[in-house]
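So that the names make sense, note that chain A is the first sequence line, chain B the second, and so on, each numbered from 1.
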Amino acid sequence: AQRVTQPEKLLSVFKGAPVELKCNYSYSGSPELFWYVQYSRQRLQLLLRHISRESIKGFTADLNKGETSFHLKKPFAQEEDSAMYYCALNIGAGNNRKLIWGLGTSLAVNP
Amino acid sequence: DTEVTQTPKHLVMGMTNKKSLKCEQHMGHRAMYWYKQKAKKPPELMFVYSYEKLSINESVPSRFSPECPNSSLLNLHLHALQPEDSALYLCASSQDLAGAQTDTQYFGPGTRLTVL
């Protein structure tokens, strides 16, 4: 079954501490994974997609097919990183392509 | 214009009312989506349009009726809703549905719907 699991509902860290938001997936096909972020009172926006292998706002995520994971990491958390983070997996083919979403992790970065 | 816009921002309606939500994008995207999002939950896909044709309906009740009049515009017509339909309704668009490079979704700010 296709599934995205974010095991932590809430993650609380202090400013300057490293942060890792976990995402595991289950999918028989070739995975296409994304991290989306939703700041308070702002629209849901793309943070990272695995095919780009980029770093946005200091965040990185590496696809590990052996562990079926796509964890989001940042070495030094900032207060403005406080938000809800969703991991999402693209499934299907052609006009049936769609995202399935993890339940999200709420990150709180404390001063 | 590089944003997805949605109107209205807020909508309060009774269970017998008929209303519509509107979504617009001018990025040349050919895939458009409606999602429903409850507080602190991920978005739930409702409908996907690809090249103005409905390609996915996630078994949404018929009291929700989508419409895609042209490649820039997506409507969601609402009729006889229930209080449990109260939620944030999100529209998104992507270049197309061909692959991860081009079907990265860009979201609007949402319409906060309250059904009394």
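Under the 4.5 Å side-chain heavy-atom criterion for Ile, Leu, Val, Met, Phe, Trp and Tyr, B/Leu73 and B/Leu76 are members of distinct hydrophobic clusters. Linking Ile, Leu, Val, Met, Phe, Trp and Tyr whenever their side-chain heavy atoms come within less than 4.5 Å leaves B/Val48 and B/Trp34 in two separate clusters.
For B/Tyr49, no part lies near chain A; criterion is any non-hydrogen pair under 4.5 Å. For B/Lys53, no part lies near chain A; criterion is any non-hydrogen pair under 4.5 Å.
By the 4.5 Å heavy-atom criterion applied to side chains, A/Asn95 and B/Ile56 are not counted as neighbours.
In terms of modelled atom types and a separation under 3.5 Å, the side chain of B/Tyr33 and the main chain of A/Lys98 share no donor-acceptor contact. Looking at B/Ser55, its side chain never comes within 3.5 Å of a backbone N or O of A/Asn96 through a donor-acceptor pair. A/Arg97 contributes no side-chain N or O that, together with a main-chain N or O of B/Asp96, makes up a donor-acceptor pair within less than 3.5 Å.
Of the listed residues (A/Leu46, A/Leu99, A/Leu44), just one forms a side-chain contact (heavy atoms from CB on, under 4.5 Å) with B/Gln105, and that residue is A/Leu99.
Comparing A/Gly94, A/Ala88, A/Gly104, A/Gly92 by heavy-atom pairs within less than 4.5 Å of chain B, the highest count is held by A/Gly94. Heavy-atom pairs under 4.5 Å with chain A were tallied for B/Ala31, B/Pro43, B/Gly108; the largest tally goes to B/Pro43.
Sequence neighbours left out, the pairs with a member in residues 59-111 of chain A that pass disulfide (SG to SG under 2.5 Å) are A/Cys23-A/Cys87. Sorted by first then second residue, the disulfide (SG to SG under 2.5 Å) pairs that include residues 43-73 of chain B, not counting sequence neighbours, number zero.
For A/Phe14, the CZ atom sits in a loose shell: 12 or fewer heavy atoms of surrounding residues, nucleotides or ligands are nearer than 6.0 Å. The number of heavy atoms from other shown groups lying within 6.0 Å of CD (B/Gln82) is above 12. Within a 6.0 Å sphere centred on NZ of B/Lys38, other residues, nucleotides and ligands contribute more than 12 heavy atoms. The number of heavy-atom neighbours closer than 6.0 Å to CZ of A/Arg3, taken from other residues, nucleotides and ligands shown, is 12 or below.
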* To do: Could you walk me through whether B/Gln37 and A/Gln38 pass the side chain to side chain contact (heavy atoms under 4.5 Å, CB included) test, one step at a time?
  => CA-CA 12 Å; B/Gln37 188 180 29; A/Gln38 197 167 27; 3.0 Å; yes
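The two residues B/Pro42 and A/Trp101 make their nearest non-hydrogen contact at CB-CB, 3.7 Å. Shortest non-hydrogen contact noted between B/Pro109 and A/Arg43 is CD-NH2, 3.5 Å.
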